[in-house]
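These notes are about the structure you will find just below.
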Amino acid sequence: MIETWYSKLSIRRQSALLGVNRNRLTSNPTPTTEEDRMIMCHLDELHTRWPFLGQRKLIRELRDQGIKIGRKRL
C-alpha cells in the first residue's frame with residue numbers, strides 16, 4: 001500500500017491519503033524464540049499456582065528455577 005521508495009509522495013502524505021496512521025507503519029514483529037516460549041510457560045504455571053504474586057516474587061521464583069530474567073523482560 002504505502003511505498004517508502006516512492007519519492008513524489010512522502011510517507012506522511014501517502015498515509016494521509018489512505019487514512020492510515022503513520023505509527024501503524026512498523027515492520028513485521030519478530031517471532032518469539034524458544035527461550036521466550038519456555039519462560040512464558042513457566043510464568044503461566046507460576047501464575048496459575050500463585051495468582052497473587054507480584055513481579056519481584058515471580059522473578060525470584062524463576063531465578064530459583066535457574067532462569068536468568070530481569071524485571072523489564074518479565
What do the steps show when you test H47 against L53 for side chain to side chain contact (heavy atoms under 4.5 Å, CB included), and what is the final call?
CA-CA 7 Å; H47 185 68; L53 287 183; over 6 Å; no
Residues L9 and Q14: closest non-hydrogen pair is O-NE2, 3.0 Å
When H42, E45, R60 are each screened for side chain to side chain donor-acceptor pair (under 3.5 Å) with Q65, the one that passes is H42
Non-hydrogen atoms of L74 and L62 that approach each other most closely:
CD1-CD1, 4.0 Å
Nearest-0.5 Å distance that lies between atom CD1 in I59 and atom CG in L43
9.0 Å
Is R73 salt-bridged to E35, cutoff N-O under 4.0 Å?
yes
Working note: R13 + S10, criterion side chain to side chain contact (heavy atoms under 4.5 Å, CB included); need CA distance, chi angles, decisive distance, verdict.
CA-CA 5 Å; R13 181 69 179 139; S10 66; 3.5 Å; yes
Heavy-atom pair with the smallest gap, counting every atom of L46 and E61
CD1-CB, 3.8 Å
ILVMFWY network linking W50 to M40, side-chain heavy atoms under 4.5 angstrom:
no
Can any side-chain N or O of R63 pair as donor or acceptor with the backbone N or O of I69 at less than 3.5 Å?
yes
Specify the closest pair of heavy atoms between D44 and T48, including all atoms of both residues, with the distance to one decimal.
O-OG1, 2.7 Å
